[in-house]
Each structure stands twice: as structure tokens, then as C-alpha cells.
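What follows is a single structure, written as C-alpha cells, with notes after it.
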Amino acid sequence: DVNGISVPFDDGSFIYRVQRYYSYEFAGKTFAYQVEYEFFDADTGDEVGATTAAFYVDEIGSGTFGIGCVKDFKLDRLPVWVKNLASK
């Protein structure tokens, strides 16, 4: 993202572009981001019709986000620190 504009990424075969993104918060603290990408043919620029998503999760509440494992494009569990906040 450059000044609010999604910049495509070219891996040689496909161009990936951010289609949309979401942030997940609890008690004013962000614990995950979901980024959805769409694919384009790198040679022609034509839309391929495929998408993928990645989740970036703050597992320990430090503000550092790593790629989280997901199933069926869903965040299937909350980090322990979020559960602890919810129980207070």
C-alpha cells in the first residue's frame, strides 16, 4: 500500500493485488488482519478469477503480526491474550 493505493506484486507468473482487507479488534486492540488478494496474469494483465487470503495474527499481544494458519478462509481461534482480556 502506497498512500492508500494497493500496489500489485509480480512474482513472475501472477500479479497479486490487494482486493480488500479487514482488521479484528477487541477492547480497542487489534489482534488480526485479514488480507484478500486477487490474481492477474503477469504477461497479459488479465484477471485470472482466483483469490486467496492471508491472516496476520498478533499471537502474544505485542503488536507484532505473523502469518496465522486458517481453514476455509476463516480465523478459527482467538489468541490467548484476547481470551484473557474477554474474561476480565
Side-chain angles (χ1 to χ4, degrees):
D1 182 84
V2 177
N3 296 325
I5 299 171
S6 298
V7 177
F9 170 75
D10 182 353
D11 76 352
S13 299
F14 295 104
I15 298 170
Y16 303 88
R17 184 174 70 187
V18 173
Q19 186 175 35
R20 64 181 71 92
Y21 66 93
Y22 306 91
S23 62
Y24 297 87
E25 298 179 2
F26 183 79
K29 297 184 111 184
T30 301
F31 65 86
Y33 292 99
Q34 175 184 351
V35 182
E36 295 179 359
Y37 300 93
E38 54 188 344
F39 293 68
F40 295 83
D41 184 279
D43 293 327
T44 65
D46 293 337
E47 186 175 345
V48 174
T51 61
T52 191
F55 282 84
Y56 301 90
V57 181
D58 180 354
E59 293 288 349
I60 60 173
S62 67
T64 302
F65 294 81
I67 294 178
C69 294
V70 298
K71 182 178 179 184
D72 299 326
F73 295 101
K74 295 178 184 172
L75 188 62
D76 59 355
R77 64 176 182 76
L78 294 174
V80 172
W81 69 270
V82 174
K83 290 179 185 178
N84 291 340
L85 274 177
S87 68
K88 291 183 180 181

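- Annotation for Thr51 and Phe39: closest pair C-CE1, 3.6 Å, computed over non-hydrogen atoms.
- Side-chain contact check for Ile67 versus Tyr56: some heavy-atom pair is nearer than 4.5 Å.
- Contacts of Tyr33 classified as ring pair (Phe, Tyr, Trp, His ring centres under 6.0 Å), with partners at least two apart in sequence or in another chain: Phe65.
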Show me, pair by pair, the donor-acceptor contacts under 3.5 angstrom made by side chains of residues 78-88, not counting sequence neighbours?
from  : atom 1 : to    : atom 2 : distance (Å)
Trp81 : NE1    : Asp58 : O      : 2.7
Ser87 : OG     : Asn84 : O      : 2.9

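- Residues passing the salt bridge (charged side-chain N to carboxylate O under 4.0 Å, His left out) test with Glu59, sequence neighbours excluded: Arg77.
- When all heavy atoms are compared, the tightest approach of Thr30 to Ser23 is CG2-CB, 4.3 Å.
- Shown here are the side-chain contact (heavy atoms from CB on, under 4.5 Å) partners of Thr64, two or more places apart in sequence or in another chain: Ser62.
- For residues 44-56, there are no salt bridge (charged side-chain N to carboxylate O under 4.0 Å, His left out) pairs, not counting sequence neighbours.
- The salt bridge (charged side-chain N to carboxylate O under 4.0 Å, His left out) contacts involving residues 28-38 comprise Arg17-Glu38, Arg20-Glu36, where partners must be two or more places apart or lie in separate chains.
- Contact record, Tyr37 with Val18: CE2-CG2, 3.9 Å, taken as the closest heavy-atom pair.
- The side-chain hydrogen bond (donor to acceptor under 3.5 Å, both in side chains) test applied to Tyr24 returns Gln34, not counting sequence neighbours.
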